[in-house]
Engineer: 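Structure in structure tokens, see below.
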Amino acid sequence: MEINLTFERPEDGPSSGPVSVGWFLTSDKQAVLYDPPERVSFRQTNRAHAKSAGRCPGVVQLESRYFMVKCPFDLHLGFSRDADGKARLVNRAGNTSTIRANKLADAVVLVNEAEWRFPDRPTLQLVLPYCFIADEMVYLTQLSPFLHYRKEPLPGTIFGGRFPINIWPRALMWGFEWHEPQKDIILRRGEPLFYCQFETNDPARPIQLVAAERTPELKTYLEQIGGVVNYVNQTFGLFDAAEALRPKRLLQRKEPKG
């Protein structure tokens with residue numbers, strides 16, 4: 001049996017050239033803490049030899065497909081239970097913490113124990129303002145920064161996720177499942193926190209990540225679809241309704257200042 005596949009792509013028009021993906025912060029509050037996402041690239045590698053991995057087109061192609069979001073805070077967290085057995089986070093850094101004690105709860109949330117996937121694996125979330133949008137079919141996959149080596153491995157795994165950012169844009173969180181709660185979580189500002197991968201109808205088209213404006217139309221749409229997870233399950237079932245509300249254009253590039 002012989003199977004032939006033919007892919008045709010127009011030379012111009014909305015389905016040609018690079019796929020534009022916009023990113024923005026949902027709030028300007030402490031915006032200086034949040035670095036722009038950047039393409040994963042290891043430029044300072046050995047390229048002297050013709051067969052070096054640093055020159056392998058397959059390696060370079062794979063790395064270029066991921067975009068890295070960096071950690072905005074220094075955190076040293078432990079897990080414990082109070083006298084009533086209630087789960088709680090412990091700020092191990094104490095007085096040396098770069099985050100004030102009364103602000104820690106704004107950055108990190110310990111998920112209600114009834115919502116943990118496993119009874120012995122606490123789940124926490126790092127609240128972030130990063131949001132991605134597109135005006136054609138693009139799925140975002142959030143995953144761990146597996147190309148970067150950690151000398152001190154995290155005592156668990158991050159929650160990944162996959163959803164269409166052309167219909168269902170939302171602020172990302174760093175979700176973490178604490179497999180070994182007896183070990184502390186140590187995060188450092190500037191280190192890779194997670195990767196984003198973008199999928200389109202044509203996997204050969206490159207991704208162009210651009211800064212996006214929070215236009216009035218975009219703000220309205222985010223309000224219309226935001227927070228519904230608190231009221232319904234299986235939010236993907238709302239895609240048709242969301243698409244009916246969606247403005248024709250979400251992505252407007254931010255013009256550089258000055």
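These numbers come from a predicted model, not from an experiment.
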Engineer: Quiz question: by atom type and distance under 3.5 Å, do the side chains of Asn91 and His76 form a donor-acceptor pair?
Structural biologist: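 Side-chain D/A pair, Asn91 to His76: absent.
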Engineer: Checking salt bridge (charged side-chain N to carboxylate O under 4.0 Å, His left out) for the pair Glu152/Lys183: CA distance, chi angles, key distance, verdict?
Structural biologist: CA-CA 11 Å; Glu152 300 171 351; Lys183 296 182 180 180; over 6 Å; no
Engineer: Give me the ring orientation class for Tyr66 and Phe146: parallel if the planes are under 30° apart, tilted from 30 to 60°, perpendicular past 60°.
Structural biologist: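 Rings of Tyr66 and Phe146: perpendicular, over 60°.
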Engineer: Where do Met68 and Lys70 come nearest, in terms of heavy atoms and distance?
Structural biologist: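 It is CE-CE, 3.9 Å.
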Engineer: Between Arg188 and Asp74, does any side-chain N to carboxylate O distance fall below 4.0 Å?
Structural biologist: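 No.
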Engineer: Do Leu154 and Phe159 share a hydrophobic cluster (ILVMFWY, side-chain heavy atoms under 4.5 Å, transitive)?
Structural biologist: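 In one cluster with Leu154: Phe159, no.
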Engineer: Taking only residues two or more places apart in sequence, or in another chain, which ones meet Arg121 in a side-chain contact (heavy atoms from CB on, under 4.5 Å)?
Structural biologist: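 Partners of Arg121 under the side-chain contact (heavy atoms from CB on, under 4.5 Å) test: Phe118, Glu177, His179.
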Engineer: Hey, does Pro155 have a side-chain heavy atom less than 4.5 Å from the side chain of Ile185?
Structural biologist: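 Answer yes - side chains close enough.
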Engineer: Which residue is it: Lys248, Arg253, Arg246? I am looking for the one with a salt bridge (Lys or Arg N to Asp or Glu O under 4.0 Å) to Asp135.
Structural biologist: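 Passing option: Arg246.
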Engineer: Looking only at atom types and distance, does a side-chain atom of Asp28 sit under 3.5 Å from a main-chain N or O of Ala31, one as donor and one as acceptor?
Structural biologist: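 No; zero donor-acceptor contacts below 3.5 Å.
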Engineer: Examine distances only and state if a side-chain atom of Asp202 and a backbone atom of Ala204 form a donor-acceptor pair shorter than 3.5 Å.
Structural biologist: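 Confirmed, Asp202 side chain pairs with Ala204 backbone.
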Engineer: Is any side-chain heavy atom of Glu136 less than 4.5 Å from a side-chain heavy atom of Asn201?
Structural biologist: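 Answer no - side chains too far apart.
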Engineer: Within the distance-only criterion (no hydrogens, no angle test), does the side chain of Arg249 pair as donor or acceptor with the backbone N or O of Leu251 below 3.5 angstrom?
Structural biologist: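 Between the backbone of Leu251 and the side chain of Arg249 there is a qualifying donor-acceptor contact (under 3.5 Å).
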Engineer: Do Arg88 and Ser80 have side-chain N/O donor and acceptor atoms under 3.5 Å apart?
Structural biologist: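 Yes - a donor-acceptor pair under 3.5 Å links their side chains.
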Engineer: What's the shortest heavy-atom distance between Phe198 and Cys196, and which atoms?
Structural biologist: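 Shortest heavy-atom contact: CZ-CB, 3.9 Å.
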Engineer: Does the plane of the ring in Trp174 sit parallel, tilted or perpendicular to the ring in Phe176? Use 30° and 60° as the thresholds.
Structural biologist: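 The rings of Trp174 and Phe176 lie parallel, inter-plane angle below 30°.
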Engineer: Val138 and Val21: which non-hydrogen atoms are nearest, and at how many Å?
Structural biologist: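 Scanning both residues, the minimum pair turns out to be CG1-CG2, 4.2 Å.
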Engineer: Apply salt bridge (charged side-chain N to carboxylate O under 4.0 Å, His left out) to Glu191 and Arg150, showing your working.
Structural biologist: CA-CA 9 Å; Glu191 70 181 6; Arg150 284 185 63 99; 3.0 Å; yes
Engineer: Would you mind reporting whether Tyr221 and Pro247 have side-chain heavy atoms less than 4.5 Å apart?
Structural biologist: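 Pro247 reaches Tyr221 side chain to side chain.
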Engineer: What are the two closest non-hydrogen atoms of Ile167 and Ile225, and how far apart are they?
Structural biologist: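 The answer is O-CD1, 4.0 Å.
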Engineer: Taking the six-membered ring where the residue is Trp, are the ring centres of Phe24 and Phe132 under 6.0 Å apart?
Structural biologist: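 Between Phe132 and Phe24, which both carry aromatic rings, the centre distance is not below 6.0 Å.
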Engineer: Given side chains that start at C-beta, do those of Leu193 and Leu126 come closer than 4.5 Å, heavy atoms only?
Structural biologist: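 Side-chain contact under 4.5 Å: yes.
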Engineer: Between Glu213 and Lys219, does any NZ, NE, NH1 or NH2 come within less than 4.0 Å of an OD or OE carboxylate oxygen?
Structural biologist: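 No, no charged N to carboxylate O under 4.0 Å.
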Engineer: Are Trp23 and Val210 side-chain neighbours, meaning at least one heavy-atom pair lies under 4.5 Å?
Structural biologist: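 They are not in contact (no side-chain heavy atoms under 4.5 Å apart), so the answer is no.
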Engineer: Is it possible for you to say whether Phe239 and Leu218 belong to one hydrophobic cluster, with membership spreading through side-chain heavy-atom contacts below 4.5 Å?
Structural biologist: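 Yes; Leu218 is reachable from Phe239 via cluster members.
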Engineer: So, for Ala87 and Phe79, which heavy atoms are closest and what is the spacing to 0.1 Å?
Structural biologist: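 Where Ala87 meets Phe79 most closely, the heavy atoms are CB-CE1, 3.5 Å.
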Engineer: Is there a side-chain contact between Leu75 and Val108 (heavy atoms, below 4.5 Å)?
Structural biologist: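 With C-beta onward as the side chain, the pair touches.
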Engineer: Check whether any side-chain heavy atom of Val109 sits under 4.5 Å from a side-chain heavy atom of Val127, and report yes or no.
Structural biologist: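 Sidechains of Val127 and Val109: in contact.
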Engineer: Relative to Phe163, does Arg170 satisfy both conditions: NZ or CZ under 6.0 angstrom from the six-membered ring centre, and within 45 degrees of the ring's axis?
Structural biologist: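 Yes, a cation-pi geometry.
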Engineer: Which pair of non-hydrogen atoms, one from Pro72 and one from Leu128, has the smallest distance, and what is that distance?
Structural biologist: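 Heavy-atom minimum between the residues: CG-CD2, 4.0 Å.
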Engineer: Checking Thr141 against Glu199: is there a side-chain donor and acceptor pair closer than 3.5 Å?
Structural biologist: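 Yes.
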Engineer: Look at the rings of Tyr34 and Tyr130 and say which category their plane angle falls in: under 30° parallel, 30 to 60° tilted, over 60° perpendicular.
Structural biologist: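 Perpendicular: the ring planes of Tyr34 and Tyr130 meet at over 60°.
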Engineer: Find out whether Arg162 and Leu140 are in side-chain contact, i.e. whether some heavy atom of one side chain is under 4.5 Å from a heavy atom of the other.
Structural biologist: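 When only atoms from C-beta onward are counted, Leu140 and Arg162 do not touch, as no gap falls below 4.5 Å.
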